[in-house]
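Notes for the one structure printed next.
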Amino acid sequence: MEKIYKNHQSFEKAAPEEEGVPSECILSFLSALYKYGVNMHSVLFFRNFKLIFDGYYKPFNENTLHRMFSVTKSFVSAAVGILAGREEIDLDSPVIKYFPEYDGDCNDRFVREATVRHLLEMRSPHEKTAFKQISDDDYVKSFFKLKASKVPGTAFSYDTSASHTLCALAEKISGKSLIDFLRDEFLRDLGFSDEAYCLRDPLGRSLGGSGLMARPLDIGIFAHVFLNGGKLWGKLGGKQVISGDYVKSAILKQSETVLKGGGREEWQGYGYQFWRTLNNGYMCYGIGGQLALILPDFNFVMVTTADTLELKGGVDIIFGLFWEKVYPYFSSKPLRVSEKSFSKLMEMKKSLEIKPLSFSSKFSGKNIVGKKFSVFENEFGIKDLFINFYGDFGKISFSCFKGDFELSFGVGRQVVSIFPYYGYKCAVSGDFLSESSLIIKCHVIDEEIGLVWFQIDVNDFGDGVFLTKKNIGIGFEEFNGCYMINANIFLPAF
């Protein structure tokens with residue numbers, strides 16, 4: 001049976017039917033995701049510790065590192081679990097005990113009483129993320145400095161600063177960065193990528209709430225350690241790397257989430273930095289569709305990466321389609337391989353891509369292309385907007401306070417480029433709505449994941465508007481506005 005990586009312990013590959021999953025179900029699931037407009041980046045299915053399907057949406061591939069956002073929190077839980085198993089961390093000790101350097105900043109009784117377990121369960125003293133409320137480069141200090149908004153150990157609140165503080169604790173005790181610690185403990189033995197890393201806060205601590213950059217397969221490797229009760233598998237002989245008792249507690253419901261959960265899956269409860277799901281499942285869950293769904297009753301794991309932020313209920317759509325198209329058809333025994341369905345699935349796998357923007361138009365954009373537009377005075381100093389075409393790709397360019405901006409885009413296809421100023425890799429396409437209207441869609445696919453849109457509309461006199469819209473995390477504020485333009489009269493700019 002084919003191995004994914006020759007030099008590491010990893011997963012064997014198998015046809016879906018060999019592990020009791022019909023190819024037709026996976027095919028139906030992928031087709032439905034396209035139909036509903038879910039912007040997927042990868043889909044991986046594992047059963048019985050075998051990889052039965054992995055699909056990557058171009059320009060992503062199996063070796064592309066992807067921002068995993070809050071999936072990182074589950075990695076923090078693993079690190080805390082290892083150290084707790086060695087009695088280097090006491091789950092029921094106040095967190096401030098491990099940070100005496102912040103004792104003078106921690107003046108709130110309830111913050112002082114918050115334990116490691118409270119933070120793991122997302123029942124911290126804070127209703128919202130502390131470092132988003134206190135301006136301080138020291139994110140851990142902000143956790144202790146912020147006044148409590150509730151009694152720790154009571155109601156669930158999704159507090160990313162709790163995860164970040166737990167990560168800082170694990171790094172302080174272990175003397176290593178989060179990923180290096182876990183890599184040395186067990187991830188390297190399982191073939192977790194050497195290139196994976198975690199973004200850092202201003203003081204150099206790993207962003208334990210959201211910073212992991214890893215391959216989708218890496219998330220599958222990690223998920224299987226929890227599926228296996230904290231043990232390794234295969235040639236590594238079931239070595240226990242995380243306390244079995246800790247793993248049992250981590251994946252069980254410790255906190256009720258009905259009031260604060262964002263949807264049907266999130267109403268099922270929360271463990272130690274893991275969410276519970278329907279059908280006795282649990283998951284690592286990052287915003288925008290970064291998921292590792294683990295179903296112990298079926299020895300099954302699904303990993304997805306995606307960008308669902310502009311699609312209302314996008315993550316719920318992924319789950320809903322999975323529960324409808326795949327879950328009901330699990331078999332406890334191998335199935336006869338359907339050559340027709342399996343062949344179709346492999347063909348679809350080859351064709352997966354982030355769909356380019358396309359309105360099937362035949363407009364040339366003659367009222368826009370090749371014209372230089374002056375931009376009305378604006379706070380970002382954007383001026384001298386210009387669009388040009390070179391066959392089946394174009395370029396949008398302008399200047400602003402940050403310097404010259406130039407971005408290529410494909411027509412009917414994606415062009416992979418680097419987003420100016422920010423330096424992020426992106427996939428960009430555009431199309432004309434009319435001879436006087438152009439839309440460009442830019443997928444940022446780097447340490448940030450999200451969308452930036454551009455639209456240019458003009459009238460017969462060359463007057464018009466340059467619209468920008470961002471749906472991405474930090475920055476990009478200059479790409480979230482409305483700018484008046486003119487092709488004939490130079491208008492003053494900053």
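- No close placement of the Phe192 and Phe186 rings is indicated, their centers lying 6.0 Å or farther apart.
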_Applying side-chain hydrogen bond (donor to acceptor under 3.5 Å, both in side chains) to Ser77 and Tyr246, what does each step give before you reach the verdict?_
CA-CA 9 Å; Ser77 180; Tyr246 180 89; 2.9 Å; yes
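- No donor-acceptor distance shorter than 3.5 angstrom exists from the side chain of Arg112 to the backbone of Pro94, with no hydrogens or angles considered.
- Salt bridge annotation for Arg123-Asp159: absent, with no cationic side-chain nitrogen under 4.0 angstrom from a carboxylate oxygen.
- Note on ring orientation: taking the six-membered ring where Trp is involved, the planes of Phe479 and Phe419 are perpendicular (angle over 60°, cut-offs 30° and 60°).
- Considering CD of Glu265 and CZ of Arg276, their distance stands at 11.0 Å, rounded to 0.5 Å.
- Aromatic ring pairs are classed by plane angle as parallel below 30°, tilted from 30° to 60° and perpendicular above 60°; the pair Phe330 and Tyr327 is perpendicular.
- Remark: Lys231 NZ to Ile242 CD1 distance equals 13.0 Å, nearest 0.5 Å.
- Between Ile474 and Tyr422, every side-chain heavy-atom pair lies at or beyond the 4.5 Å cut-off.
- Summarising the local packing, NZ of Lys402 is surrounded by more than 12 heavy atoms from other residues, nucleotides or ligands at distances under 6.0 Å.
- Pairing each heavy atom of Asn378 with each of Phe376, the nearest pair is ND2-O, 2.9 Å.
- Under 4.0 Å is where a charged nitrogen must lie from a carboxylate oxygen, and between Glu113 and Arg109 at least one such pair does.
- Within a 6.0 Å radius of NZ in Lys470, other residues, nucleotides and ligands contribute more than 12 heavy atoms.
- Using a 4.0 Å cut-off between charged side-chain N and carboxylate O, Lys147 and Asp108 make a salt bridge.
- Partner of Glu127 under the salt bridge (charged side-chain N to carboxylate O under 4.0 Å, His left out) criterion, chosen from Lys132, Lys150, Lys260: Lys260.
- Between Arg215 and Glu62, the shortest heavy-atom distance links the atoms CD-O, 3.6 Å.
- The aromatic rings of Phe131 and His164 sit perpendicular, their planes meeting at an angle over 60°, well past the 30° parallel limit.
- Judged as a side chain to side chain donor-acceptor pair (under 3.5 Å), and not counting sequence neighbours, Asp446 has no contacts.
- Between the side chain of Gln455 and the main chain of Ile439, no donor-acceptor pair closer than 3.5 Å is present.
- The backbone N or O of Ser70 lies less than 3.5 Å from no partner atom in the side chain of Ser210, so there is not a single donor-acceptor pair.
- In this structure, CZ in Phe454 is found 11.5 Å from CG in Leu467, a value given to the nearest 0.5 Å.
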*asked:* Test side-chain contact (heavy atoms from CB on, under 4.5 Å) on Glu185 and Val241; report intermediate values, then the result.
replied: CA-CA 7 Å; Glu185 292 295 319; Val241 292; 5.8 Å; no
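- Nearest heavy-atom pair, Phe322 versus Pro328, reported as atom, atom and distance to 0.1 Å: O-CD, 4.5 Å.
- One finds the CG atom of Leu227 at 6.5 Å from the CD1 atom of Ile294 (value rounded to the nearest 0.5 Å).
- Between Glu101 and Lys172, at least one side-chain N (NZ, or NE/NH1/NH2) sits under 4.0 Å from a carboxylate O, which counts as a salt bridge.
- Between Val111 and Phe143, the shortest heavy-atom contact is CG1-O, 3.9 Å.
- When atom types are taken as modelled, the side chain of Glu195 and the backbone of Met213 share no donor-acceptor pair closer than 3.5 angstrom.
- Using a 30° and 60° split on the angle between ring planes, Tyr158 and Trp275 fall in the tilted class, from 30° to 60°.
- Contact between Asp136 and Lys141 at its shortest, heavy atoms only, is OD2-CD, 3.4 Å.
- Counting only distance, with no hydrogens or angles, the side chain of Gln133 and the backbone of Lys128 share a donor-acceptor pair below 3.5 Å.
- In this structure, CG in Leu352 is found 12.5 Å from CG in Asn61, a value given to the nearest 0.5 Å.
- Annotation: cation-pi pair Lys355/Tyr34 present, NZ/CZ under 6.0 Å from the ring centroid and within 45° of its normal.
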*Would you please test Leu33 and Leu321 for side-chain contact (heavy atoms from CB on, under 4.5 Å) and show each step?*
CA-CA 8 Å; Leu33 289 170; Leu321 292 175; 3.8 Å; yes
*Take Leu30 and Tyr57 through the side-chain contact (heavy atoms from CB on, under 4.5 Å) test and state the conclusion after the steps.*
CA-CA 11 Å; Leu30 297 175; Tyr57 292 68; 3.7 Å; yes
*Would you please test Arg205 and Asp138 for salt bridge (charged side-chain N to carboxylate O under 4.0 Å, His left out) and show each step?*
CA-CA 9 Å; Arg205 297 179 175 118; Asp138 191 335; 3.0 Å; yes
*asked:* Could you go through Val95 and Ser124, starting from their C-alpha distance and side-chain angles, then the distance that decides it, and tell me whether this counts as side-chain contact (heavy atoms from CB on, under 4.5 Å)?
replied: CA-CA 10 Å; Val95 184; Ser124 90; over 6 Å; no
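- Atom CZ of Arg264 is surrounded by 12 or fewer heavy atoms from other residues, nucleotides or ligands within 6.0 Å.
- Counted by atom type alone, Glu447 and Tyr197 present one or more donor-acceptor pairs between their side chains at under 3.5 Å.
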*Determine, step by step, whether Tyr421 and Phe476 satisfy the ring-ring contact (aromatic ring centres under 6.0 Å, His included) criterion, reporting the C-alpha distance in whole Å, the side-chain angles of both residues, the deciding distance to 0.1 Å, and the verdict.*
CA-CA 9 Å; Tyr421 313 149; Phe476 295 87; 9.5 Å; no
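- Counting heavy atoms of neighbouring residues, nucleotides and ligands inside a 6.0 Å radius, atom CD1 of Ile287 does not exceed 12 of them.
- Taking the six-membered ring where the residue is Trp, Phe222 and Phe274 present parallel rings, their angle staying beneath 30° rather than reaching 60°.
- Of the possible donor and acceptor atoms, one in the side chain of Thr468 sits under 3.5 Å from a partner among the backbone N and O of Gly481.
- Side chain to side chain, Glu266 and Tyr285 meet the donor-acceptor criterion of an N or O pair below 3.5 Å.
- Using a distance-only test at 3.5 Å, with no hydrogens or angles considered, a donor-acceptor pair links the side chain of Ser142 to the main chain of Tyr139.
- Looking only at distances, a side-chain donor or acceptor of Thr304 sits under 3.5 Å from a matching main-chain atom of Gly289.
- Rounded to the nearest 0.5 angstrom, Phe144 CZ and Thr165 OG1 are separated by 5.5 Å.
- Under the side-chain contact (heavy atoms from CB on, under 4.5 Å) rule, Asp307 has a single partner from Leu451, Ile445, Ile354, Val444, which is Leu451.
- Taking 4.5 Å as the limit, every side-chain heavy atom of Leu295 sits out of range of all side-chain heavy atoms of Asp297.
- Of all heavy-atom pairs between Tyr270 and Lys73, the closest is OH-CD, 4.3 Å.
- By the salt bridge (charged side-chain N to carboxylate O under 4.0 Å, His left out) test, Lys58 is found to be paired with no residue, residues two or more places apart in sequence or in another chain being considered.
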*Dump the intermediate steps for salt bridge (charged side-chain N to carboxylate O under 4.0 Å, His left out) on Lys469 and Glu310, then the final yes or no.*
CA-CA 11 Å; Lys469 178 185 176 184; Glu310 281 209 332; 3.7 Å; yes
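- Side-chain atoms of Thr308 never come within 3.5 Å of backbone atoms of Gly314 as a donor-acceptor pair (strictly under, hydrogens ignored).
- Judged purely by atom type and a 3.5 angstrom limit, Ser429 uses its side chain to pair as donor or acceptor with the backbone of Leu357.
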